[in-house]
Engineer: 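Pasting a structure here, questions to come.
Indexing begins at 1, ligand by ligand and atom by atom, following the structure's order. Here the structure is a predicted model, which means the values were calculated and not measured. Worth knowing before you read on, the calculation uses all heavy atoms, side chains too, and leaves out hydrogens, waters and symmetry mates.
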Amino acid sequence: MPILTRRDLVLSGLALSASSAISASAWAQTNALLSTVSEAAAFSPGPREKLLFDFGWKFQLGNGCDPGHDLDFGKGQGDFAKTGEFDFATAKLDDSKWRSLNLPHDWAVELPFVWDNEQQSHGYKPLGRRYPETSVGWYRRTFEIAAADQGKRISIEFDGAFRSALIFVNGCFIGRNDNGYAPFSFDLSDFLHYGEKNYLVVRMDASFGDGWFYEGAGIYRHVWLVKQDKLHLGQWESYVRAKMEGDAAVLSLGTVVQNAGDNQEYARVRWQILDREGKQVASAEAAAQQVNSDGSATYTATARLAHPERWSPETPILYSAIVSVEAAGKVRDAERVSFGVRSLRFDKDKGFFLNDVPVKIKGTCNHQDHAGIGAALPDRMQYFRVSVLKEMGSNGMRTSHNMPTPELVEACDRMGMMMLCETRQMSSNPEGMAQLEAMIKRYRNSPAIILWSMGNEEGYLNKDVVGERVIAEMQQRSHELDPTRVCTAAVNNNFGTGVSKVLDVMGFNYNLKVPDDYHKAHPNQPSIGTETASAISTRGEYFTDKLRNVMSAYDTNQPGWGETGEEWWKFYMAREWLAGGFAWTGFDYRGEPTPYGWPSVSSQFGIIDTCGYPKDTYFYYKAWWGKEPVLHLFPHWNFAGKEGIEIPVWVHSNLDSVELFVNGTSVGSQKVEPLTHLQWKVKYAPGVIEARGTKDGKVVLTEKRETTGAARSIKLTADRTTLHADGEDVAVLRVEALDADGRHVPIADDLIEFKITGAGGFLGVGNGDPNCHESDKEPKRSLFNGLAQVIIQSTKKPGEIIIEAKAGGWNGKLTATRLTITTEKAELRLSVG
Ligand code: GAL
């Protein structure tokens with residue numbers, strides 16, 4: 001049996017950290033979790049080695065149509081004539097002039113914007129077949145493999161890369177992967193040079209896209225080198241299905257053992273079930289079977305877990321199964337599968353039930369990019385983003401429109417965020433089925449995932465019998481691989497034909513006029529709002545201005561197909577049979593700059609901007625989704641030049657009533673109607689507006705907005721001031737300007753420059769302005785409505801990171817500032833040296 005290491009114990013304690021921190025603020029929660037993030041990913045029980053392959057790469061752009069600028073690839077059209085003569089993946093190529101970088105990496109975010117309307121939905125980046133100079137990237141890595149590794153099965157695993165990857169090792173072509181989201185791997189064992197240097201080259205080509213939104217370019221997720229015994233557990237074959245029976249959970253356990261060796265083996269499989277403290281709470285064993293050379297065998301068993309703690313968004317409690325395969329008296333391979341115990345049910349009349357309790361899904365759809373870093377998110381950013389959503393009271397996230405990165409699913413498992421996990425290609429063709437299978441096998445043990453989505457808004461499939469057949473095939477495969485979950489798809493038209501005819505759970509996108517009649521006509525089909533709202537707003541703007549491409553942040557704007565936040569949520573709350581829904585979107589994202597187009601380069605659909613700063617509607621959701629008392633007053637009160645003009649003053653609150661004061665005088669108290677904002681009209685005069693919120697006859701919360709003076713100083717605040725010195729951890733810094741009295745200036749737009757020295761480096765900047773064309777990769781950024789963000793990454797050497805911020809020169813009009821972040825020695829993830 002594998003002996004449990006300290007790392008196993010730390011890992012099993014993760015759920016404890018997660019659940020005990022739930023009541024604290026989102027930041028505290030994130031911090032508690034992150035103290036163990038690296039531990040989780042580094043875990044490797046038994047003899048298997050899973051090595052991070054992210055550090056020490058070389059990179060250069062190629063060319064999609066000129067072989068002369070593409071390492072001569074494709075020059076004579078004989079490229080694949082021989083398997084082993086790709087010289088660029090041998091010692092013959094000198095890459096000393098190539099750029100050095102670490103993964104994850106997204107070169108799209110480094111490119112300038114181009115005013116080309118064809119590129120609008122992808123964020124105006126020069127990618128695609130018309131931009132051959134910037135659409136191909138070459139990654140190269142030299143590494144050593146020990147002589148002692150000969151005889152092992154060594155494979156390379158990509159968690160996802162954008163897009164059309166060609167992989168070469170030691171001059172040999174290894175394989176290709178087309179789509180940009182599903183993971184892929186290759187067995188390199190035959191091609192490696194043992195006891196010597198090896199050369200790995202990956203050519204990525206982002207000329208084609210998978211979606212209609214910003215998708216990034218390059219190896220933007222982790223890469224791993226995995227060394228295993230030739231007798232090993234099949235990738236993602238292990239499952240743990242927990243079903244409550246009385247006070248106990250019956251665990252159905254299964255896995256597949258593969259034998260890549262030359263001799264047949266007799267192998268048995270054991271499962272150790274650990275609780276969150278690392279204590280063994282159950283075990284099971286499957287008898288030895290013969291596994292033929294180049295063959296495989298399936299193993300199943302059951303175990304009983306007495307009085308299990310249930311997983312839920314409030315109690316994200318995880319268990320672990322250590323699965324190990326033994327043959328010839330030795331543990332030959334083992335892995336840890338994290339799972340939760342919880343039940344799921346979609347009811348046609350009563351919506352969604354988690355652990356037999358009705359739960360309305362308060363969800364958001366999200367793409368995977370973030371300010372400053374594009375699609376290449378360090379793991380910690382997943383926790384940051386989930387924490388911002390949880391703080392809003394959200395309990396659900398849809399991974400629109402693609403299979404997510406493993407770290408996002410892990411963050412949702414550990415922080416308590418239910419997921420609607422979506423595959424990219426809605427198809428029963430081999431590619432579509434392969435994407436679906438990878439997604440389900442990879443994530444079927446994650447308690448966070450409550451529903452699989454087969455895809456989004458397929459016009460033709462929505463209306464045609466072809467859609468019926470495709471979904472029937474996909475659903476059937478999904479049920480085979482995962483009998484514990486049902487499926488939906490996001491449907492926006494032709495309701496009742498094609499796709500929607502066969503779905504386990506009907507998924508409505510927008511169209512609030514449809515669900516009532518549809519439900520009457522299809523009373524046996526449960527339903528959910530797969531996509532709602534698409535409300536548009538710009539953070540910190542209170543007058544819609546077409547000349548400036550901004551939309552006011554009052555919850556009043558939506559495109560023809562959308563709804564305001566208040567509209568959709570009232571609609572869904574009024575219907576018990578609707579399981580809840582997912583608002584488009586949680587975070588703003590690059591691309592889809594509705595409604596204006598250029599020079600807007602980002603969407604404005606977010607409840608939160610691209611940096612993670614809340615827009616005002618965030619507090620509508622917080623009031624009606626969260627559990628805490630909320631009183632949010634807006635707009636700011638800095639409207640010089642608008643004196644005497646009537647300005648709407650809004651409050652989002654879940655208290656009983658709110659009274660508004662303008663310069664000390666009451667302008668009236670209003671009763672809060674459930675799920676509804678409050679508003680007053682106030683003639684602008686500089687000074688102060690104040691809201692006083694009452695609960696049970698007592699003022700319990702007050703909020704003020706004051707006319708501030710001009711910006712005088714810069715303030716930096718880090719989400720965490722102690723990081724792991726592991727070369728991966730990041731701090732997310734809020735950058736703002738204060739007036740002479742230390743008040744946040746909500747309209748400041750000063751250009752702030754950053755200097756980062758010491759034990760960390762600069763990763764990216766943003767400010768949430770959908771119209772900003774400043775580079776995300778230069779250490780300077782203008783404040784947008786008072787805020788910007790800078791992301792800092794630790795190095796592997798512990799020490800101090802000093803972040804200095806100045807505006808207009810060190811003696812400029814704002815007083816400069818500096819912040820120190822400490823990085824502490826961390827157990828490094830095992831990685832390829
Ligand atoms: C939906 C689509 C989303 C996004 C959104 C914008 O129809 O599914 O991907 O484009 O519209 O409102």
Engineer: I need the minimum non-hydrogen distance between Glu215 and Ala375, along with the two atoms involved.
Structural biologist: O-CB, 4.1 Å
Engineer: Could you see which bit of Asn492 sits under 4.0 Å from ligand 1, with heavy atoms only: side chain, backbone, both or neither?
Structural biologist: neither
Engineer: Applying a heavy-atom cut-off of 4.0 Å, say which part of Trp212 lies close to ligand 1: side chain, backbone, both or neither.
Structural biologist: side chain
Engineer: Which residue holds the protein heavy atom closest to atom 10 (O) of ligand 1, what is that atom called, and what is the gap in Å?
Structural biologist: Glu592 OE2, 2.7 Å
Engineer: With only distance considered, is Trp561 within less than 3.5 Å of ligand 1 through an N or O on each side?
Structural biologist: yes
Engineer: Which of the numbered atoms in ligand 1 are under 4.0 angstrom from any heavy atom belonging to Phe605?
Structural biologist: 6 (C), 12 (O)
Engineer: Can we say Arg539 and Asp769 salt-bridge, meaning some charged N sits less than 4.0 Å from an Asp/Glu carboxylate O?
Structural biologist: no
Engineer: Note the single closest protein heavy atom to atom 5 (C) of ligand 1, along with its residue, its atom name and the distance in Å.
Structural biologist: Glu531 OE2, 3.5 Å
Engineer: Can you confirm whether Asp106 sits close enough to Phe162 that some side-chain heavy atom of one is under 4.5 Å from a side-chain heavy atom of the other?
Structural biologist: no
Engineer: Quick one: side chain to side chain contact (heavy atoms under 4.5 Å, CB included) partners of Ser121, sequence neighbours excluded?
Structural biologist: Trp212, Glu592
Engineer: Go through it in stages, so that I can follow the logic: the residues are Trp624 and His677, the test is ring pair (Phe, Tyr, Trp, His ring centres under 6.0 Å), and I'd like the CA-CA distance, side-chain angles, deciding distance and then a yes or no.
Structural biologist: CA-CA 10 Å; Trp624 303 110; His677 71 278; over 10 Å; no
Engineer: Quick check on contacts: which atoms of ligand 1 are under 4.0 angstrom from a heavy atom of Tyr510?
Structural biologist: 1 (C), 5 (C), 7 (O), 11 (O), 12 (O)
Engineer: What residue and atom, counting heavy atoms only, is the protein's closest point to atom 12 (O) of ligand 1, and at what distance?
Structural biologist: Ser534 OG, 2.5 Å
Engineer: Please check whether His367 reaches ligand 1 - meaning an N/O of the residue sits under 3.5 Å from an N/O of the ligand, judged on distance alone.
Structural biologist: no
Engineer: Got a sec, which residues hit side chain to side chain contact (heavy atoms under 4.5 Å, CB included) with Asp116, two or more places apart in sequence or on another chain?
Structural biologist: Val114, Glu118, Gln119, Arg130, Tyr131
Engineer: For the aromatic rings, using the six-membered ring if either is Trp, is the centroid distance between Phe634 and His652 under 6.0 Å?
Structural biologist: yes
Engineer: Provide, to 0.1 Å, the distance between atom 9 (O) of ligand 1 and the closest protein heavy atom, together with that atom's residue and name.
Structural biologist: His401 NE2, 2.6 Å
